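Below is one structure, written out as structure tokens; comments come after it.
Please read these numbers as outputs of a predicted model, since none were measured by experiment. Because only heavy atoms are used, hydrogens play no part in the values below, and waters and symmetry mates are left out as well, while side chains stay in.
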Amino acid sequence: MSLRHWHPTAHAAAALFIASRLGGAQPPTIGAPPPRPSATVSGVVYDSITSRAIAGATIEFVNANDPAARPTTAVSGADGRYSIRDLPPGSYLAGFFTPALDSLGLEAAPRRVEVSTTTQRVDLATPSARTVIATICPAGSANDSTGMLIGHVRSTDDQMAIGGASVMVEWSETIIDGSSVRQRTPRVTGQSAEPGFFAICGLPSGAVLQARAFNASDSSGFIEIDVPANGLRYTSFLVGGAALVPVPADDTSAAAGTTRTETAWRGRARLSGIVVDHTGKPVVNAHALIWRTGVSATTNERGAFTLEGLPGGTQTLEIRVIGYVPVTSVVQLAESRPATTNVVLAKSAEILSTVTVRGEMVYSRNLAEFDRRRRSGFGTFRTSEEIGKRGPSVKLSQLLQDVLGVQVERRGAVSVVTMMRGATTGIGRASCTPSLFVDGINDRVRDYDAYYADDIAGIEVYARESTRPFEFIDPQNPCGAVAIWTRTVPRKPKTPPDSP
């Protein structure tokens with residue numbers, strides 16, 4: 001090599017190569033600055049609202065002394081973990097962005113972090129429930145006995161956000177005022193903003209709430225939720241593909257050749273599933289139904305069922321069978337995406353032995369279950385408000401006169417018989433007296449004139465044996481069932497006004 005082609009950098013590179021071959025120490029690079037100290041920062045991005053790690057969040061560390069400087073970024077993995085290498089020591093503002101957080105209209109405040117030359121862990125999280133409630137709810141609306149529901153309303157087909165949709169939440173309250181006990185059903189409605197986000201404040205904690213979303217004439221089904229005290233619950237609703245249509249009423253007392261109709265939510269979605277017990281064995285003859293649709297099916301020998309003609313959107317599936325506690329689950333249905341589900345019945349239920357009930361009734365604490373069954377759409381229900389409009393001295397038999405599937409006949413001056421259509425015989429369906437359950441106990445006497453309106457908080461009527469909940473199964477009576485729930489300690493059965 002000629003001298004005029006010699007260069008210090010080339011000479012240094014050659015020296016490094018020779019030194020590496022000879023195993024000697026490497027001399028420092030001529031003119032290169034010493035390596036800068038750096039750190040590795042890692043952690044987890046956590047959603048305080050749903051108590052889950054956040055995948056796909058964009059994490060940024062910005063020089064606190066120069067906010068305009070280019071940030072150092074990373075993206076969290078499926079487990080919410082992230083890692084940033086070679087971060088120079090210094091003071092940083094650490095924060096993150098995620099579409100889910102953006103859609104809530106909230107921002108996670110940046111956190112100041114001092115980075116040293118060691119490996120550090122820095123976890124990041126969304127605002128706490130208290131912070132979210134304080135940000136969204138009016139001042140003074142939150143307390144230790146209330147919570148908040150937030151979420152999104154989206155289209156069933158394309159998952160796009162729906163602005164201007166409504167979300168309704170309702171629940172049952174039993175009010176005790178001295179010796180008076182009454183029931184009411186409060187309702188609260190919220191609207192979704194343009195990103196589909198909604199928030200409803202001041203909901204009671206510790207109560208079973210029923211919620212649904214609706215957009216114009218379309219609606220999701222009801223689902224059950226609860227909210228923690230001074231906390232919040234997140235849920236999403238899909239709306240689309242549901243219509244309220246007339247269907248034949250379950251009127252077993254209608255005269256031959258006549259048809260009465262009622263309305264139910266229907267559509268073109270389809271759901272199939274398998275029902276097994278806790279050992280994995282198929283459960284045969286379990287009833288599968290979607291709330292408020294009137295659509296049901298029975299599982300076959302493989303535990304399989306198929307439901308068709310269902311409304312699209314968020315719906316509640318209920319599985320019930322004798323010997324097991326009913327199981328409900330939320331399903332997302334769409335005409336373009338037939339859904340499947342697997343249900344495990346893990347807990348056996350005890351059926352109460354028959355008890356003859358006479359004398360005084362006691363106040364029932366099972367009205368929450370009454371409300372749950374009412375929203376399932378099977379059976380006919382009369383609430384406390386509806387019963388109260390008939391007057392305090394109206395008998396149970398009179399309260400049942402306008403219920404589809406029930407016949408109330410007067411025989412003689414004072415004798416009244418309450419009937420339904422029973423099992424099929426060679427000459428048609430025979431009339432029979434339905435089973436009567438009082439506060440969950442089977443009253444074998446079945447005296448429908450022994451109970452009065454001012455004693456009753458709720459009435460359930462099941463005109464078909466197949467629609468009976470397991471709580472009201474009576475193996476000795478193939479007829480339907482009537483269940484009443486009491487609201488006060490009444491006096492002894494009244495003397496009929498027209499009795500001598």
Side-chain angles (χ1 to χ4, degrees), residues 50-53 78-79 151 156 206-212 220-228 233-238 265 267 269-334 337-352 366 368-379 440 462 464-473 475:
T50 62
S51 300
R52 297 177 181 173
D79 57 358
T156 298
V208 177
L209 311 176
Q210 290 80 32
R212 72 180 178 99
S220 74
F222 272 102
I223 64 173
E224 287 189 347
I225 58 172
D226 60 1
V227 295
R233 184 75 66 207
Y234 177 87
T235 190
S236 290
F237 291 95
L238 297 184
W265 290 100
R270 183 175 185 269
L271 173 67
S272 59
I274 301 291
V275 180
V276 299
D277 63 15
H278 65 284
T279 66
K281 180 181 178 180
V283 177
V284 182
N285 293 326
H287 291 281
L289 57 96
I290 296 293
W291 285 7
R292 295 288 181 96
T293 66
V295 179
S296 66
T298 303
T299 56
N300 59 21
E301 67 279 359
R302 298 184 295 107
F305 69 89
T306 299
L307 299 172
E308 297 182 329
L310 299 174
T314 302
Q315 306 291 337
T316 295
L317 168 69
E318 179 172 331
I319 305 293
R320 61 190 186 198
V321 64
I322 297 175
Y324 294 88
V325 172
V327 172
T328 60
S329 60
V330 176
V331 292
Q332 309 293 354
L333 305 179
R337 300 185 301 274
T340 61
T341 186
N342 294 324
V343 180
V344 179
L345 302 180
K347 185 178 180 181
S348 296
E350 295 183 1
I351 300 177
L352 295 176
N366 295 311
E369 285 298 304
F370 166 89
D371 218 42
R372 179 188 66 79
R373 288 188 293 270
R374 181 168 66 91
R375 284 170 176 79
S376 72
F378 286 79
Y462 300 93
R464 289 187 301 173
E465 178 72 14
S466 61
T467 63
R468 282 200 201 192
F470 80 94
E471 302 98 316
F472 307 133
I473 294 295

Kindly write out the residues that satisfy side-chain contact (heavy atoms from CB on, under 4.5 Å) with [X], not counting sequence neighbours, or none if the list is empty.
X      : result
Val327 : Val343, Leu345
Ala53  : Val44
Thr316 : Ile223, Trp291, Thr328
Arg52  : Thr50

Inter-residue atom distance [X].[atom1] - [Y].[atom2], 0.5 Å rounding:
X      : Y      : atom1 : atom2 : result
Ile473 : Tyr462 : CD1   : OH    : 10.5 Å
Ile274 : Thr341 : CD1   : OG1   : 10.0 Å
Leu333 : Leu307 : CG    : CG    : 9.0 Å
Arg292 : Arg212 : CZ    : CZ    : 7.5 Å

What closest approach, in Å, do [X] and [Y] show between heavy atoms, and which atom pair accounts for it?
X      : Y      : answer
Gln315 : Gly312 : NE2-O, 3.1 Å
Pro282 : Gly303 : CB-N, 3.7 Å
Ala288 : Leu317 : CB-CD1, 4.4 Å
Ala297 : Phe305 : CB-CB, 4.4 Å
Asp226 : Ala207 : CB-O, 3.8 Å

**Request:** Would you sort out whether Tyr324 and Asp277 count as a side-chain contact (heavy atoms from CB on, under 4.5 Å), showing the intermediate values?
**Result:** CA-CA 9 Å; Tyr324 294 88; Asp277 63 15; 3.6 Å; yes
**Fill in**
Residues passing the side chain to side chain donor-acceptor pair (under 3.5 Å) test with Thr299, sequence neighbours excluded, are none
**Request:** Please identify each residue that fulfils side chain to side chain donor-acceptor pair (under 3.5 Å) with Asn285, with sequence neighbours left out.
**Result:** none
**Message:** Treating Arg233 as the side-chain partner and Val227 as the backbone partner, does any N or O pair qualify as donor plus acceptor under 3.5 Å?
**Reply:** no
**Item:** Whether Thr314 side chain and Leu238 backbone form a donor-acceptor pair below 3.5 Å
**Value:** yes
**Request:** Begin with the C-alpha distance, continue with both residues' side-chain angles, and end with the deciding distance and a verdict on side-chain contact (heavy atoms from CB on, under 4.5 Å) for Leu310 and Val295.
**Result:** CA-CA 7 Å; Leu310 299 174; Val295 179; 3.8 Å; yes
**Residue pairs passing the salt bridge (Lys or Arg N to Asp or Glu O under 4.0 Å) test where at least one lies in residues 299-319, sequence neighbours excluded** = Arg270-Glu308, Glu318-Arg320, Glu318-Arg372
**Message:** Restricting to salt bridge (charged side-chain N to carboxylate O under 4.0 Å, His left out), what partner residues turn up for Glu224, sequence neighbours left out?
**Reply:** none
